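Shown next, in structure tokens, is the structure this report addresses.
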Amino acid sequence: MLSLLCALTLVTRTLAIVGAQVGADGITNLFGNSFGLPGTNATDDYIVIGGGTAGNAIAARLALANHSVAVVETGTFYEIVNSNRTQVPGYDFYSALNSVGSNKGQSLTEFALETEPQVGYNGRKVVYVAGQTFGGSSASNYMGYARATFGTFDKWTKLTGDDFWTWDNVFPAYKKSCHFTPPNYQKIDRKANISYDAGAFDSTGGPLEVSYGNYQGPYGPYFDEAMERAGIPRREGLNSGTLLGYATITAAIDPETATRSSETSFLQLASRNSNIKIYPQTLAKRIIFDEQKRATGVEVRTNSVTNSFTYHLSATKEVILSAGVWHSPQLLMVSGIGPAETLQKHGISVVNDLPGVGQNEWDQPWMELSFKVNVTTGSQLQAGNEEVSAKLVEQYLTNQTGLLASIGGGQALAFEKFPQLYHQQFSNKTRKFLDTFPDDLSEVNYLSLEYGDNPPGLGPDDNYITLGSALSTTSSRGNITIKSADMADGPIISPNWLLDQGDQEQAIAALQRIREIAFNSTIVQSEYRPGSNVTSREDILEWLKENMSLIYHGASTCKMGPKADKSTVVDSRSRVLGVEGLRVVDASALPFLPPGFPMATVYMLAEKISESILEGN
Ligand SMILES: Cc1cc2nc3c(=O)[nH]c(=O)nc-3n(C[C@H](O)[C@H](O)[C@H](O)COP(=O)(O)OP(=O)(O)OC[C@H]3O[C@@H](n4cnc5c(N)ncnc54)[C@H](O)[C@@H]3O)c2cc1C
Ligand SMILES: *[C@@H]1O[C@H](CO)[C@@H](O)[C@H](O)[C@H]1NC(C)=O
Ligand SMILES: *[C@@H]1O[C@H](CO)[C@@H](O)[C@H](O)[C@H]1NC(C)=O
Ligand SMILES: *[C@@H]1O[C@H](CO)[C@@H](O)[C@H](O)[C@H]1NC(C)=O
Ligand SMILES: *[C@@H]1O[C@H](CO)[C@@H](O)[C@H](O)[C@H]1NC(C)=O
Ligand SMILES: *[C@@H]1O[C@H](CO)[C@@H](O)[C@H](O)[C@H]1NC(C)=O
Ligand SMILES: *[C@@H]1O[C@H](CO)[C@@H](O)[C@H](O)[C@H]1NC(C)=O
Ligand SMILES: *[C@@H]1O[C@H](CO)[C@@H](O)[C@H](O)[C@H]1NC(C)=O
Ligand SMILES: *[C@@H]1O[C@H](CO)[C@@H](O)[C@H](O)[C@H]1NC(C)=O
Ligand SMILES: *[C@@H]1O[C@H](CO)[C@@H](O)[C@H](O)[C@H]1NC(C)=O
Ligand SMILES: *[C@@H]1O[C@H](CO)[C@@H](O)[C@H](O)[C@H]1NC(C)=O
Ligand SMILES: *[C@@H]1O[C@H](CO)[C@@H](O)[C@H](O)[C@H]1NC(C)=O
């Protein structure tokens with residue numbers, strides 16, 4: 001035992017990676033002491049359900065403070081089951097880009113949840129990807145890192161009545177979670193001229209790595225120019241509490257290795273330096289409550305292809321639920337917390353009747369317009385051009401640069417309120433609704449991507465670009481409910497995109513605005529999607545209903561809020577109402593969907609709640 005521990009320490013100190021130590025050739029080492037023993041009941045201070053974005057962060061903070069922590073994750077390490085697709089940033093389009101439809105649901109690192117038919121999308125069912133691996137959705141996502149705004153936290157503080165959430169109190173937590181590396185112009189073309197807010201970061205922050213990757217596509221400066229012409233001002237980065245404007249997006253990439261920063265951050269830090277116990281391939285089936293409605297543990301099942309063990313993990317302090325926007329409310333429901341009527345229908349005994357569980361889902365309908373351009377983009381890589389791909393692989397492996405070393409987009413990521421002219425065209429109802437949001441909160445964002453919708457028969461010199469747009473201030477709310485009392489059955493989900501007519505007005509405006517930006521750029525030669533024949537409001541709306549999809553930013557299905565609000569699920573410290581010893585800490589617990597991109601705020605939430613727990617609150 002002693003020699004094993006020594007070897008463990010020695011190896012891990014030297015190579016600085018535990019749990020899964022990965023070389024360029026794939027997985028090379030696993031260390032048993034970081035793992036729980038499947039099939040054996042065990043007791044820890046805390047059990048964290050879901051080794052995803054928030055789960056790993058909160059588990060790590062508690063474990064590093066010398067608490068014993070078990071992390072239960074239904075997936076395993078993406079380094080093992082997804083070849084190099086998760087690690088190499090430039091392969092993100094396989095999981096994150098809707099246009100690459102054929103890949104959906106074919107990865108072992110994702111749940112491929114299918115929505116109910118979406119009325120606002122002409123009755124289509126859409127695949128909603130969610131990470132199913134250590135790292136969770138941070139291992140599927142585009143890695144874009146952008147924080148929320150001052151106004152967001154004024155609203156959050158007012159809603160909860162808790163000063164814990166003022167900007168001054170959350171800014172340090174945003175900083176604490178990550179370590180920033182400025183652009184490296186040895187690798188990135190100087191023409192990218194990236195401006196950034198260095199004061200948004202702290203040199204002692206981490207372990208999440210945030211950077212610009214080691215590449216910015218040549219299209220970038222042209223779109224910067226187009227933004228300016230369209231009246232969107234340049235910003236010094238998107239991480240200091242203001243968003244209206246454009247900047248190059250920061251991304252969760254470790255620039256030294258040019259790999260995705262995901263489970264490699266918090267989980268591996270804790271594996272190296274604490275007694276965290278990891279349970280891969282382990283599904284949390286039910287949270288167990290005692291007579292006093294205190295969460296005392298979790299019934300779990302660990303699976304291999306031929307074996308499965310069901311057993312109990314006990315928590316002496318708390319159970320923390322971090323299973324994500326769809327599975328956290330599902331697990332609450334199957335464990336007896338949720339709308340009583342629904343639970344009874346499935347024979348689940350009611351621990352607490354909380355009608356808000358699974359309701360109030362905020363999401364962002366997303367559109368992708370595709371334009372032909374006369375600079376080189378990722379079209380050839382995406383289309384599988386072997387010569388181009390081989391060159392990019394060589395560049396990546398030799399110098400950790402080139403298209404594969406970045407997220408393939410995000411330059412000129414812009415946030416805005418629709419310009420005055422557009423507001424004037426909205427109905428009074430829509431205008432009134434939009435007026436309810438803080439002054440600094442964006443209504444819409446625009447994201448440029450190297451990848452996208454290429455026409456069939458792409459020539460070897462043809463290059464396309466995507467200008468996408470997500471609507472932030474929609475009024476339709478989605479929901480999730482259960483099919484059965486068993487977590488092995490997926491949830492029934494309905495994001496309800498474009499259900500409201502006001503949301504449709506905003507979608508039309510976003511499409512028109514994208515065109516305005518695109519045709520202010522000198523590199524755009526023609527519009528491929530939707531095409532120059534789609535111009536009337538009716539045709540635009542029809543195209544949108546047929547073609548809009550999602551950007552996977554769902555939140556608030558177990559919303560934080562005031563206790564007087566019947567749809568509140570957790571209090572201002574993420575404690576589930578009406579029971580003891582149970583918190584929800586993930587995107588589902590956000591009071592509403594913050595602007596920016598959610599990942600940064602999900603990490604911040606995990607930092608804040610661990611701070612609260614460690615302070616005894
Ligand atoms: C394709 C895609 C692209 C995105 N792009 C961006 C982006 O560029 N920038 C950005 O900021 N955000 C992006 N997002 C959103 C962002 O990634 C999420 O908001 C965030 O990661 C959510 O974190 P979470 O902790 O709530 O859940 P997750 O990170 O999804 O973690 C939930 C974890 O729980 C596990 N789990 C679920 N049920 C159980 C169970 N019963 N037992 C055990 N484990 C369970 C899951 O396997 C998963 O690991 C994207 C998301 C996706 C899917
Ligand atoms: C955790 O325990 C170690 C070893 O006993 C000790 O060195 C360290 O200071 C402790 N950390 C905290 C945060 O209490
Ligand atoms: C870079 O951007 C700044 C604005 O942030 C601008 O003042 C400067 O002229 C730009 N430099 C180049 C070389 O384009
Ligand atoms: C460029 O943007 C401006 C301001 O938004 C707009 O009026 C103009 O029509 C756009 N130009 C083109 C060619 O679309
Ligand atoms: C594991 O815990 C469960 C629930 O407390 C109990 O029913 C079961 O007997 C335990 N198994 C063993 C082997 O102790
Ligand atoms: C990723 O793996 C594939 C095989 O699955 C290989 O062809 C490709 O060269 C690898 N890419 C990099 C950047 O190593
Ligand atoms: C790597 O960088 C060096 C130095 O800039 C350069 O000479 C070499 O061509 C690059 N190799 C590849 C494969 O890009
Ligand atoms: C919208 O509101 C304005 C006043 O703000 C009013 O004059 C107008 O009649 C309203 N339009 C409709 C269609 O209600
Ligand atoms: C979800 O929303 C849809 C559309 O409003 C509605 O038809 C459905 O009943 C809702 N489901 C639940 C569980 O709330
Ligand atoms: C792209 O086309 C425009 C005209 O549409 C031209 O002015 C510009 O020089 C071209 N750029 C490149 C890089 O070829
Ligand atoms: C636009 O043209 C495309 C391709 O020719 C066609 O499929 C589509 O139906 C047309 N749309 C409209 C609104 O005319
Ligand atoms: C987009 O709409 C067109 C009709 O305009 C349709 O042919 C196409 O299949 C749609 N694409 C998607 C992804 O729904």
Side-chain angles (χ1 to χ4, degrees), residues 5 9 22-28 36-47 58-70 72 78-95 103 106-109 176 213-215 253-254 257-260 269-270 272-276 279 282 284-291 294-302 309-316 319 335 378 380-382 384-408 607 610-611 613-616:
L5 278 171
T9 310
V22 183
D25 53 349
I27 198 85
T28 52
L37 184 63
T40 305
N41 287 357
T43 301
D44 284 287
D45 297 339
Y46 295 94
I47 300 170
I58 195 163
R61 290 302 181 211
L62 297 174
L64 291 168
N66 289 344
H67 292 294
S68 72
V69 179
V72 176
Y78 52 77
E79 296 88 341
I80 302 176
V81 293
N82 204 28
S83 182
N84 57 24
R85 285 220 173 146
T86 307
Q87 285 188 291
V88 177
Y91 290 146
D92 54 358
F93 63 86
Y94 285 115
S95 60
N103 288 290
Q106 295 187 5
S107 160
L108 293 176
T109 63
K176 185 181 181 194
N214 292 331
Y215 178 82
I253 297 176
D254 180 344
T257 54
T259 53
R260 178 189 293 264
L269 176 74
R272 270 199 309 280
N273 298 297
S274 77
N275 288 324
I276 200 165
Y279 290 83
T282 303
K285 292 185 64 79
R286 207 159 50 92
I287 299 164
I288 312 292
F289 296 92
D290 68 13
E291 306 275 280
R294 161 167 280 281
T296 55
V298 185
E299 182 187 319
V300 302
R301 195 182 66 214
T302 304
F309 301 119
T310 299
Y311 53 105
H312 286 258
L313 299 177
S314 302
T316 54
V319 174
S335 306
Q380 298 297 324
L381 173 73
Q382 186 188 331
N385 180 324
E386 283 180 22
E387 203 182 317
V388 170
S389 302
K391 228 176 127 201
L392 289 172
V393 169
E394 193 196 348
Q395 220 182 341
Y396 177 82
L397 296 177
T398 314
N399 289 341
Q400 290 74 55
T401 184
L403 190 56
L404 292 176
S406 86
I407 67 175
E607 291 283 10
S610 54
E611 179 189 320
I613 291 172
L614 293 174
E615 283 169 356

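Just so you know, these numbers come straight off a predicted model, no measurement behind them. Values reported hereafter were calculated over all heavy atoms of this structure, with side chains retained and with hydrogens, waters and symmetry mates removed. Note that ligands are numbered from 1 as they come in the structure, with each ligand's atoms numbered from 1 the same way. Residue numbers run from 1 in the order of the sequence given.
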[X]: numbered ligand 6 atoms lying under 4.0 Å from its heavy atoms:
X    : value
Y396 : 13 (C)
N84  : 1 (C), 2 (O), 3 (C), 8 (C), 10 (C), 11 (N), 12 (C), 14 (O)
Y91  : 8 (C), 10 (C), 11 (N), 12 (C), 13 (C)
L397 : 14 (O)

Is it the case that more than 12 heavy atoms not belonging to D290 sit under 6.0 Å from its CG atom?
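Above 12, so yes.
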Do any N/O atoms on H312 end up under 3.5 angstrom from N/O atoms on ligand 5?
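The answer is no, given that H312 and ligand 5 share no N or O pair closer than 3.5 Å.
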Which residues pass the side chain to side chain contact (heavy atoms under 4.5 Å, CB included) test with K285, not counting sequence neighbours?
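Once residues adjacent in sequence are excluded, the partners of K285 under the side chain to side chain contact (heavy atoms under 4.5 Å, CB included) criterion are L283, E299, R301, D486.
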If the condition is side-chain hydrogen bond (donor to acceptor under 3.5 Å, both in side chains), which residues does T401 pass it with, not counting sequence neighbours?
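Once residues adjacent in sequence are excluded, T401 has no partner under the side-chain hydrogen bond (donor to acceptor under 3.5 Å, both in side chains) criterion.
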Heavy-atom pair with the smallest gap, counting every atom of S335 and I287
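Shortest heavy-atom contact: OG-N, 2.9 Å.
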Listing by chain and number, which residues have a heavy atom under 4.0 Å from ligand 2?
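Within the 4.0 Å shell of ligand 2, which is judged on heavy atoms, sit L64, A65, N66.
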Is there a donor-acceptor pair closer than 3.5 Å between any side-chain N or O of N385 and the backbone N or O of E387?
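Checked: pair present.
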Quick one: ring-ring contact (aromatic ring centres under 6.0 Å, His included) partners of Y215, sequence neighbours excluded?
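Y215 satisfies ring-ring contact (aromatic ring centres under 6.0 Å, His included) with no residue once adjacent residues are dropped.
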Classify the ring geometry of Y46 against H67: parallel below 30°, tilted from 30° to 60°, perpendicular beyond 60°.
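Plane angle over 60°, so perpendicular.
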Name the orientation class of the two ring planes belonging to Y91 and Y94 (parallel below 30°, tilted from 30 to 60°, perpendicular beyond 60°).
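If you compare the ring of Y91 with that of Y94, the planes turn out tilted.
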Go through the side-chain N and O atoms of Y78 and S107 and say whether any donor and acceptor fall under 3.5 Å apart.
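No pair is found: no donor N or O on one side chain lies under 3.5 Å from an acceptor on the other.
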Those atoms of ligand 5 less than 4.0 Å from some heavy atom in N41:
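What qualifies from ligand 5 is 1 (C), 2 (O), 3 (C), 8 (C), 10 (C), 11 (N), 12 (C), 14 (O).
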